Engineer: 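There's a structure below that I have some questions on.
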Amino acid sequence: RGLGCRPPPLATRADGRMLRGSAARVAGVLLAACSAAAINVEGNVAGVVTAVEAVDPDEYLWNKLTGRCCMQLRLDCPFPNAPHNLCKNVGPDTCRECKVWSSPDNFCHTSASACSTCGMPLWCEKPPPLLDGNKICTGDSRIRSFCWDSYGTGMCASHSLDDCANACRGTPGCQIFVHFPVEMEGSCMLCRDMFHLEPTTAAASRVYASTPAPPPPTALAARFSVLPAPAAVSSA
């Protein structure tokens with residue numbers, strides 16, 4: 001199945017205009033690198049058959065959203081075998097804990113109010129801009145790994161996409177990062193650019209542009225309030 005270097009919309013905003021700033025630059029860097037490296041992933045690269053699926057075009061739809069709604073709920077009961085009417089559905093406390101997002105075309109992802117209408121309390125930042133997939137930076141383009149599980153032991157599985165994004169934000173020179181969501185789950189490579197790259201033929205990977213840190217999710221922000229300043233005390 002075809003997966004190659006893609007033109008915009010990988011570097012466009014929800015309103016159709018080109019991305020500005022670092023996201024646009026890294027998108028251009030990735031596309032230029034693909035052209036320079038003359039790599040085309042069409043089921044095989046340099047005679048090596050790939051064992052991973054190409055990026056589903058729907059994955060790029062997350063780039064067009066303003067945020068996303070956590071669709072994860074569990075039944076919380078006050079004691080074992082409690083009557084159902086005493087139980088309630090609760091979601092995770094943080095976006096990092098959320099593992100269920102549904103599809104990007106779901107109505108619940110259209111706004112924070114739509115998320116609430118769907119009965120979901122946690123509205124989160126959308127994923128970082130997805131640039132490409134099944135590639136990884138190498139050589140001078142590579143900075144370091146954040147967590148690396150080359151044998152698929154599960155040692156990095158506790159690390160989320162957000163952890164990888166935060167590691168990139170905290171690493172000087174990091175503009176792009178590569179996350180492994182399934183095989184080698186949680187593995188993360190931090191990159192300067194993608195001028196030097198190779199395909200990940202045995203494990204699915206996703207290439208993201210680094211972005212500034214998102215604000216706190218709405219469900220957490222609602223738990224805090226600003227207290228009024230204390231009244232001034234005059235001295236006699």
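Positions are given from 1, in the same order as the sequence printed here. Keep in mind it's a predicted model, so treat the numbers as computed, not measured.
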Engineer: Please identify each residue that fulfils salt bridge (Lys or Arg N to Asp or Glu O under 4.0 Å) with Arg169, with sequence neighbours left out.
Structural biologist: none

Engineer: When you check the gap from the basic side-chain N to the acidic O, do Arg96 and Asp163 get nearer than 4.0 Å?
Structural biologist: yes

Engineer: Supply the atom-to-atom distance Ile136 CD1 to Ser205 OG, rounded to the nearest 0.5 angstrom.
Structural biologist: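 Reported value, rounded in 0.5 Å steps: 6.5 Å.
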
Engineer: Judged by atom type as modelled, is there a donor-acceptor pair below 3.5 Å linking the side chain of Gln175 to the main-chain atoms of Ala209?
Structural biologist: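 Pair absent, no side-chain N/O of Gln175 close to backbone of Ala209.
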
Engineer: Between the side chain of Asn63 and the main-chain N/O of Leu130, is any donor-acceptor distance below 3.5 Å?
Structural biologist: yes

Engineer: Considering only heavy atoms from C-beta outward, does the side chain of Lys135 approach that of Glu198 to under 4.5 Å?
Structural biologist: no

Engineer: Identify, with sequence neighbours excluded, every residue that meets salt bridge (Lys or Arg N to Asp or Glu O under 4.0 Å) alongside Asp76.
Structural biologist: Arg74

Engineer: Applying ring-ring contact (aromatic ring centres under 6.0 Å, His included) as the test, list every pair that has at least one member in residues 150-193; sequence neighbours left out.
Structural biologist: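 Non-adjacent pairs meeting ring-ring contact (aromatic ring centres under 6.0 Å, His included): Phe146-His159, Trp148-Phe180, Phe177-Tyr208.
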
Engineer: How about Asp58: does its CG atom have over 12 heavy atoms from other parts shown lying under 6.0 Å from it?
Structural biologist: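 Atom CG in Asp58 is crowded, with more than 12 foreign heavy atoms closer than 6.0 Å.
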
Engineer: Less than 2.5 angstrom apart at the SG atoms, yes or no, for Cys69 and Cys118?
Structural biologist: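 Between Cys118 and Cys69 there is no disulfide, given that their SG atoms are not under 2.5 Å apart.
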
Engineer: What's the separation between atom SG in Cys188 and atom CG in Asn166, rounded to the nearest 0.5 Å?
Structural biologist: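 Atom-to-atom, Cys188:SG and Asn166:CG are 10.0 Å apart.
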
Engineer: Where do Asp140 and Arg192 come nearest, in terms of heavy atoms and distance?
Structural biologist: O-NH1, 3.0 Å

Engineer: Do Asp105 and Ser103 meet the criterion of a side-chain donor-acceptor pair at a distance under 3.5 Å?
Structural biologist: yes

Engineer: Please give me the minimum heavy-atom distance between Val178 and Val207, naming the atom from each residue.
Structural biologist: CG2-CG2, 4.2 Å

Engineer: Pair Cys174, Cys168 - check disulfide bond (SG atoms under 2.5 Å apart), show working.
Structural biologist: CA-CA 5 Å; Cys174 183; Cys168 186; 2.0 Å; yes

Engineer: Could you walk me through whether Met189 and Arg142 pass the side chain to side chain contact (heavy atoms under 4.5 Å, CB included) test, one step at a time?
Structural biologist: CA-CA 8 Å; Met189 186 63 67; Arg142 179 178 294 184; 3.5 Å; yes

Engineer: Of the non-hydrogen atoms in Pro92 and Cys70, which two are nearest, and what is the gap between them?
Structural biologist: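 That would be CG-SG, 3.6 Å.
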
Engineer: With clusters built from Ile, Leu, Val, Met, Phe, Trp and Tyr whose side-chain heavy atoms come within less than 4.5 Å, directly or transitively, what are the remaining members of the cluster of Val90, listed by chain and number?
Structural biologist: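 Hydrophobic cluster check, Val90: no partners found.
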
Engineer: What ring-ring contact (aromatic ring centres under 6.0 Å, His included) pairs are there with at least one residue in residues 82-103, not counting sequence neighbours?
Structural biologist: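 Applying ring-ring contact (aromatic ring centres under 6.0 Å, His included) to every pair that reaches into residues 82-103, excluding sequence neighbours, yields nothing.
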
Engineer: Within this structure, what is the SG-CD1 distance for the pair Cys191 and Ile143, rounded to the nearest 0.5 Å?
Structural biologist: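 So the gap between those two atoms works out to 7.0 Å.
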
Engineer: Give a yes or no answer on whether the side chain of Lys126 reaches the backbone of Thr66 with a donor-acceptor pair at less than 3.5 Å.
Structural biologist: no

Engineer: Determine whether Phe195 and Thr138 make a side-chain contact, defined as any pair of heavy atoms from C-beta on separated by less than 4.5 Å.
Structural biologist: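 The answer is no, as the side chains (C-beta and beyond) never meet within the 4.5 Å cut-off.
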
Engineer: Looking only at heavy atoms, which two atoms of Pro78 and Leu86 are closest? And how far apart?
Structural biologist: CD-O, 3.4 Å

Engineer: Can you tell me how far the OG atom of Ser141 sits from the CG atom of Leu190, to the nearest 0.5 Å?
Structural biologist: 13.0 Å

Engineer: Measuring from atom NZ of Lys99 to atom CD of Glu97, what distance do you get when rounded to the nearest 0.5 angstrom?
Structural biologist: 9.0 Å

Engineer: Any idea which heavy atoms bring Leu161 and Pro128 closest together, and the distance?
Structural biologist: CD2-CD, 3.9 Å

Engineer: More than 12 heavy atoms of other residues, nucleotides or ligands under 6.0 Å from CG of Asn85: is that the case?
Structural biologist: yes

Engineer: Would Leu61 and Leu65 show up in the same hydrophobic cluster when neighbours are defined by side-chain heavy atoms closer than 4.5 Å?
Structural biologist: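 The answer is no; the residues belong to distinct hydrophobic clusters.
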
Engineer: For Ser102 and His109, work out which heavy atoms get closest and say how close.
Structural biologist: CB-NE2, 4.2 Å

Engineer: Between Met184 and Cys156, is a side chain to side chain contact (heavy atoms under 4.5 Å, CB included) present by the stated rule, with each step listed?
Structural biologist: CA-CA 7 Å; Met184 298 172 56; Cys156 296; over 6 Å; no

Engineer: Measuring from Met120:CE to Asn106:CG, what's the distance to the nearest 0.5 Å?
Structural biologist: 8.5 Å

Engineer: Is the positively charged end of Arg68 above the ring of Trp123, judged by distance under 6.0 angstrom from the centroid and angle within 45° of the axis?
Structural biologist: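 No - Arg68 does not lie over the ring of Trp123 by the 6.0 Å and 45° rule.
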
Engineer: Which residues satisfy the side-chain contact (heavy atoms from CB on, under 4.5 Å) test with Ala114, sequence neighbours excluded?
Structural biologist: Phe107, Thr110, Ser111

Engineer: Got a salt bridge between Arg206 and Glu59, using NZ or NE/NH1/NH2 to carboxylate O under 4.0 Å?
Structural biologist: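 Salt bridge present between Arg206 and Glu59.
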
Engineer: Report yes if the SG atoms of Cys95 and Cys124 are separated by under 2.5 Å, and no otherwise.
Structural biologist: yes

Engineer: If we ignore hydrogens and angles and just use 3.5 Å, is the side chain of Asp149 paired with the main-chain N or O of Gly154 as donor and acceptor?
Structural biologist: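 Yes, Asp149 side chain to Gly154 backbone: donor-acceptor pair under 3.5 Å.
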
